[in-house]
Amino acid sequence: MTLLQQLPLSYSLFFSSFSTCSKLNTLFYKRRRPIPFSHFHSLNRFRPRLLSVSASENKNGAAYNTSTEIAKSFDFASEERIYNWWESQGFFKPNYDRGGDPFVIPMPPPNVTGSLHMGHAMFVTLEDIMVRYHRMKGRPTLWLPGTDHAGIATQLVVERMLASEGVSRTEMSRDEFAKRVWQWKEKYGGTIANQIKRLGASCDWTREHFTLDEQLSEAVIEAFVRLHEKGLIYQGSYMVNWSPALQTAVSDLEVEYSEESGHLYHIKYRVAGRPDYLTVATTRPETLFGDVALSVHPEDDRYSKFIGQMAIVPLTFGRHVPILPNKHVDREFGTGVLKISPGHDHNDYLYARKLGLPILNVMNKDGTLNDVAGMYSGLDRFEARKKLWAELQETGLAVKKEPHTLRVPRSQRGGEVIEPLVSKQWFVSMEPLAEKALQAVEKGDLTIIPERFEKIYNHWLSNIKDWCISRQLWWGHRIPVWYIVGKNNEEEYIVARSADEAHEKAREKYGKGVEIYQDPDVLDTWFSSALWPFSTLGWPDLSAEDFKQFYPTTVLETGHDILFFWVARMVMMGIEFTGTVPFSYVYLHGLIRDSQGRKMSKTLGNVIDPLDTIKEFGTDALRFTLALGTAGQDLNLSTERLTSNKAFTNKLWNAGKFILQNLPDTNDSTAWENILSYKFDSEDSVLALPLSESWVVSKLHLLIDSVTGSYDKFYFGEVGREAYDFFWGDFADWYIEASKARLYHSGGNSVASVAQAVLLYTFENVLKVLHPFMPFVTEELWQALPNRKHALIVSHWPQTQLPRNTSSIKKFEILQALVRAIRNARAEYSVEPAKRISASVVASNEVIQYMSEEREVLALLARLDLQHLHFTDSPPGDADQSVHLVAGDGLEAYLPLADMVDISAEVERLSKRLSKMQKEYDGFVAKLSSPKFVEKAPEDVVSGVREKAAEAEEKITLTKNRLEFLKSNVLASKQA
């Protein structure tokens, strides 16, 4: 059972008659005294009598589930219930009640085939933090969710499903295959969205989009047509990344390079008309059939004399190629002679085009060699490599084959080796678009966070290449191009928004009997993703309400690894089609690695599943852990961090239980009037508080200002750390403990009410500050607090620039220093935790005045005997028989030794301990005195022994000093 399940959503009927109690569900029951925070470990032993119903109502009359039992800790199973309640109340939709400029985030659409991983968890956490914060600030907030159709990934998944049924895609028509994909999408496509909800994503699911939705598809076609009309889209044969298994071009993003063991093949090329040979070292001998030249460095004395002559390509029946100078040849790699195969290498392709060399393609689309390879035609590229090398050996043209580490390009989806291949594709001319995107950052219209990524962004756009946007797939946005039957499709084609429009244009130009057919290719998935910030809002319909209200968006948050492939393209397309940048800020997060800093992979077995993590640690602990990173920096995730932040969740929960148990009964109107009479928004009200209360309220107000500034600057890690430190370090460890001096005071409610008011005020503001990070536990606790008029998710953000008493902060810090000094002395002398000891505090009159006013707090925190706690301006008479503490400048304390320990027993214990330490020390010294050990043992071992000896010597000295002090006290007491 959860705490929230026992408590009301609203306590607005506090002062109503007892007959209205049926509308309330309270945690409280009549009792004689509050329950101490430290006693909550035993709460499971008692069951309160409750005035309750099965549910409470919010201001709109919607029920919030409740129960009648206090939970020992927050129940993670309640997270889905809380989330469903939020969504049912419409809290995720933009709200205009408080006005303000909209805050809009377009969610990076995960692949429809995807399953939740830590990368998703990272972006959901960070974006939800931004959204929840600005929602509480009163801005109309929209977080647009959706999924990407993921052309290659989805087609692969469905093809595998069909294969399991004994069916091949090639045996089906295109329409039949598309139907099966849509069926798969309807059945499994919602998985990733449901998993994102488990992370607490407060996005507006009523506006969820899919990149193949009708409206988004219309936007894609419109974008293609407009770019083509401006001459920015063209068709041509150029070098692309080709996937032989998928039978399609793939983007750079879909190619992953891995270091693998391979070979370097040394092959002889005879120089035409001479007895000389040039030896070429290559990793891909099968591409020699596509060689069009050899190149050497012009200053390489070994080969410069051959420049301008011809070489004969082996096994090609005497085909001659020129030997050319090339200053980019690495003279140290291989033999220093480079073969130029422009049909199968990106660098060679650029070199050949620059010099006007022919482009020879020796490979079919399926990875087999074509007719250019002669008798090797039809062989798989890797099979051909083996056979070719064997023949080179037979003909004496093979020099050697040596091991070599290769950088192999593999398909991200299929895992096969990618083939650089010249292929006819559709391209977008990028330079004109890139120029405006560069200016957006230069003018300050777009801010990239962290700033260092601006250089990377600028470099990529300044050196941009044209974008291959066509893919040879059946799943995706069909390219809106139609060809004329019987005409050259490179020169005669029609670009149209629909088949009907294409027919009409064709009939106008070629006559009524014309026949047309559509280009079989689809657009790169990234093309539709580049339109995401505005296509999801209704573009190209500029009159769409969402487009007018929410475009341009505010922030685009994503991983730094797709800054080029997605972010920069969105900027270019946004400016091109809407005239403005699609968002004002780009926030880039880093990658999530394991505890050792390694990339997570199935091979290493170090993948951490977010859903499993949520079950074990809770969503709040996972989110808090992920959010403590720094923008753009990779984050090492470990179970230790998760465990620590789960403990933080429990600490928050226990604090809530303590506060609730120490508030008055709901029908005690007098007590509640006293509590509600305290205000903390004026300087006089804060100054009038007792020291402990003035201190914690002042610290809280400083925290609110600090974290608000950090939220606004996107310093989310700073927010988390500051809120953590305040709650645990100040509020829980110090103020909650100090409040017991008021709560348990014999003066009754009048004394307790100030502590109750401050506990409630501080805790509710802590919940607000932490809610964007930890939405579930904070909402649960918020609903349990009295007088809740709104859900936490839509409550107002704390007011900034509230008063703070700097004098109280300094004074309480002095009190803390004294408490720490006394606690350290107690620990040093092994005083039993429950034992109360005497103390004399020596200080100036000013310090004594405020310290004596907090004597109950001091006694409680330091475990002092209140009856024997004295404040004076000079040392006490038994000072020579007391432990003397200096807590600060002008602040001392004397703790009577006899009051702390049995001196005789302590002398005996320390004497035995000293004997043992001396024996250990002698052992270390003996080792270090042995030349054999010092000379032969590893240096780190010897150094370790020296450190241990030094530590032991220091401990012996301290123990001797303490023994002398104790013995002198024994002697003094005997003389007395």
Side-chain angles (χ1 to χ4, degrees), residues 108-115 146-193 208-224 240-255 365-366 411-416 418 423 425-426 467-482 498-499 517-532 535-536 565-566 569:
N111 288 350
V112 70
T113 57
S115 182
T147 48
D148 192 290
H149 66 276
I152 293 176
T154 307
Q155 183 160 317
L156 268 177
V157 168
V158 176
E159 284 191 16
R160 288 168 185 162
M161 180 187 72
L162 292 172
S164 68
E165 301 171 5
V167 180
S168 169
R169 172 175 64 88
T170 56
E171 298 170 0
M172 309 171 69
S173 70
R174 185 171 188 142
D175 289 342
E176 288 173 337
F177 179 75
K179 184 178 179 181
R180 290 299 301 271
V181 180
W182 277 107
Q183 289 173 350
W184 179 92
K185 190 264 178 186
E186 292 304 314
K187 186 174 182 179
Y188 300 106
T191 299
I192 187 67
E208 183 180 7
H209 286 287
F210 178 54
T211 47
L212 281 177
D213 285 347
E214 182 179 354
Q215 191 267 312
L216 270 66
S217 296
E218 290 176 1
V220 168
I221 292 171
E222 184 66 27
F224 186 98
V240 297
N241 299 308
W242 185 261
S243 172
L246 298 173
Q247 291 282 287
T248 181
V250 296
S251 73
D252 292 339
L253 181 64
E254 292 155 339
V255 178
K365 296 293 180 66
D366 62 357
S411 167
Q412 186 187 60
R413 301 300 175 189
E416 64 169 332
I418 291 296
S423 175
Q425 304 287 341
W426 288 93
W467 176 15
C468 174
I469 58 171
S470 50
R471 297 291 181 266
Q472 291 63 54
L473 301 170
W474 282 4
W475 174 248
H477 296 100
R478 190 89 172 261
I479 290 179
V481 170
W482 283 262
S498 67
Y517 63 95
Q518 190 172 359
D519 193 307
D521 291 353
V522 300
L523 287 164
D524 179 11
T525 299
W526 292 102
F527 188 88
S528 55
S529 297
L531 313 178
W532 185 255
S535 64
T536 52
F565 304 104
W566 187 42
R569 286 169 177 169

Exercise. Hey, are the side chains of Met161 and Val158 touching, using non-hydrogen atoms and a 4.5 Å cut-off?
Worked result: yes

For this session: Provide the full list of salt bridge (Lys or Arg N to Asp or Glu O under 4.0 Å) pairs with a residue in residues 167-176, sequence neighbours left out, each pair given once.
Result: Glu159-Arg169

Exercise. Okay, side chain of Trp566, backbone of Ser529: is any donor-acceptor separation there less than 3.5 Å?
Worked result: yes

Problem set entry | Heavy-atom closest pair, residues Val250 and Ser243 | CG1-CB, 4.1 Å

For this session: Any chance you could lay out the side chain to side chain contact (heavy atoms under 4.5 Å, CB included) test for Val167 and Met172, step after step, and finish with the verdict?
Result: CA-CA 8 Å; Val167 180; Met172 309 171 69; 4.1 Å; yes

Exercise. Do Leu212 and Lys185 touch side chain to side chain, with heavy atoms closer than 4.5 Å?
Worked result: no

Problem set entry | Heavy-atom closest contact (Pro110 atom, Gly146 atom, distance) | CD-O, 3.2 Å

Problem set entry | Pairing residues for Glu165 by the side-chain hydrogen bond (donor to acceptor under 3.5 Å, both in side chains) criterion, not counting sequence neighbours | Arg180

Problem set entry | Where Ser411 and Ile418 come nearest, the two heavy atoms and their spacing | N-CG1, 3.6 Å

Problem set entry | Step-by-step side chain to side chain contact (heavy atoms under 4.5 Å, CB included) determination, Trp426 to Leu523 | CA-CA 9 Å; Trp426 288 93; Leu523 287 164; over 6 Å; no

Problem set entry | Flag for Asp524-Ser251: side-chain donor and acceptor within less than 3.5 Å | no

For this session: With sequence neighbours excluded, tell me which residues meet side-chain hydrogen bond (donor to acceptor under 3.5 Å, both in side chains) with Thr211.
Result: His149

For this session: Look up atom CD in Gln518 and atom CD1 in Ile479, then write down how far apart they are to the nearest 0.5 Å.
Result: 9.0 Å

For this session: Taking all heavy atoms of Leu531 and all of Val220, pick out the closest pair and write down the distance.
Result: CD1-CA, 3.7 Å

For this session: Considering non-hydrogen atoms only, spot the tightest contact between Ser470 and Asp521 and give its length.
Result: CB-OD2, 4.0 Å

Problem set entry | Trp242 side-chain N/O to Lys365 backbone N/O, donor-acceptor pair under 3.5 Å | yes

Problem set entry | From OG (Ser217) to CZ (Arg478), nearest 0.5 Å | 13.5 Å

Problem set entry | Val157 side chain reached by Tyr188 side chain, heavy atoms, under 4.5 Å | no

For this session: Side-chain contact test, heavy atoms from C-beta onward, threshold under 4.5 Å: evaluate it for Trp467 versus Arg569 and give yes or no.
Result: yes

Problem set entry | Which residues share a side-chain hydrogen bond (donor to acceptor under 3.5 Å, both in side chains) with Asn111, sequence neighbours left out | none

For this session: Kindly say whether Ser535 contributes a backbone atom to a donor-acceptor pair with the side chain of Gln215 at under 3.5 angstrom?
Result: yes

For this session: Write out all pairs satisfying ring pair (Phe, Tyr, Trp, His ring centres under 6.0 Å) with one or both partners inside residues 159-183, taking only residues at least two apart or from two chains.
Result: Phe177-Trp474, Trp182-Phe210, Trp182-Trp475

Problem set entry | Any donor-acceptor pair under 3.5 Å from Gln425 side chain to Arg471 backbone | no

For this session: Decide yes or no for Ile152 and Thr525: does some side-chain heavy atom of the first lie under 4.5 Å from some side-chain heavy atom of the second?
Result: no

Exercise. For Glu208, what residues pass the salt bridge (Lys or Arg N to Asp or Glu O under 4.0 Å) criterion, not counting sequence neighbours?
Worked result: none

For this session: Flag the pair Leu216 / Thr536 as yes when at least one side-chain heavy-atom distance between them is below 4.5 Å, and no otherwise.
Result: yes

Exercise. Minimum heavy-atom separation for Ala153 to Thr113, with atom names?
Worked result: CB-OG1, 3.8 Å

